[in-house]
Amino acid sequence: LTHSKDWNIRVMAGQRVQVSATRFRVPDVAVLDRAHPMEQIITKPPIAVFEALSPEDTVRRMQRKLDDYASMGIPQIWIVDPETGIFQRYANSALTAATHFSEPAHNIDFDLGIVETLLQR
């Protein structure tokens with residue numbers, strides 16, 4: 001990501017995240033705060049996680065993942081459908097379609113259409 005140093009973040013794919021004392025998840029993409037030390041297994045809530053839907057995903061299984069991320073305190077939880085390019089943000093136990101990503105604490109602000117274009121390549 002070209003702005004990762006400007007935004008003071010690290011973007012990791014397939015990084016294990018410990019969401020509770022006994023549960024681990026592996027989001028497709030995790031956005032981490034560079035202020036936190038690098039860990040082999042992430043124990044501090046990422047700034048954001050992104051999950052790409054796959055044909056094997058069930059609603060129940062995805063709901064459990066999203067709830068685990070929320071209970072860990074991750075402020076931005078996203079799902080993307082690679083077939084349609086539609087992004088949805090998970091908040092307050094609900095998914096809402098969105099076209100913009102903003103995280104004011106890190107001065108991050110961009111149109112998700114950029115990511116959609118990359119997914120379609």
Here the gap from Met62 atom CE to Asp57 atom CG, rounded to the nearest 0.5 Å, amounts to 4.0 Å

Check Asp109 against His100 and note the closest heavy-atom contact, atom names and distance. OD1-NE2, 2.9 Å

Show the nearest heavy-atom pair for residues Gln18 and Met72, with the distance to one decimal. O-CE, 3.3 Å

Exam field: side chain Gln15 to backbone Gln40, donor-acceptor pair closer than 3.5 Å: yes

Side chains of residues 85-96: which donor-acceptor pairs under 3.5 Å do they make with residues two or more places apart or in other chains?
residue	atom	partner	partner atom	Å
Arg89	NH2	Pro75	O	2.9
Tyr90	OH	Gln63	NE2	2.8
Tyr90	OH	Asp67	OD1	2.4

Residues at least two apart in sequence or cross-chain that pass salt bridge (Lys or Arg N to Asp or Glu O under 4.0 Å) with Arg60, listed by chain then number, are none

Point-to-point distance, once rounded to the nearest 0.5 Å, from CG of Leu66 to CZ of Arg61: 11.5 Å

Mind checking side chain to side chain donor-acceptor pair (under 3.5 Å) for Arg23 and listing every partner two or more places apart, or none if nothing turns up? Asp68

Could you tell me the separation between the OG atom of Ser102 and the CG atom of Asn107, rounded to the nearest 0.5 Å? 9.0 Å

Rounded to the nearest 0.5 Å, how far does CD1 of Ile79 lie from NZ of Lys65? 9.0 Å

Are Ile108 and Ile74 linked, directly or through other ILVMFWY residues, by side chains that come within less than 4.5 angstrom of each other? no

Restricting to pairs with a member in residues 27-50, which pass salt bridge (charged side-chain N to carboxylate O under 4.0 Å, His left out), not counting sequence neighbours? none

Decide whether Val49 and Ile9 are clustered together by the hydrophobic rule: side chain heavy atoms of Ile, Leu, Val, Met, Phe, Trp, Tyr closer than 4.5 Å, transitively. no

With heavy-atom distances below 4.5 Å as the criterion, would you say the side chains of Val80 and Leu53 are in contact? no

Using a 4.5 Å cut-off on heavy atoms from C-beta on, say whether the side chain of Val29 contacts that of Val11. yes

Counterpart residues, side chain to side chain donor-acceptor pair (under 3.5 Å), relative to Arg10 (two or more places apart): none

Trp78 side-chain N/O to Ala48 backbone N/O, donor-acceptor pair under 3.5 Å: no

Heavy-atom closest pair, residues Asn8 and His106: O-CD2, 3.9 Å

With sequence neighbours excluded, residues passing side chain to side chain donor-acceptor pair (under 3.5 Å) with Glu56: Ser54

Gap separating the CZ atom of Phe50 from the CD1 atom of Ile77, nearest 0.5 angstrom: 11.0 Å

Reference residue Ile42; test side chain to side chain contact (heavy atoms under 4.5 Å, CB included); the match among Val19, Val26, Val17: Val17

Is there a path from Phe101 to Trp7 through hydrophobic residues (I, L, V, M, F, W, Y) whose side chains come within less than 4.5 Å of each other? yes

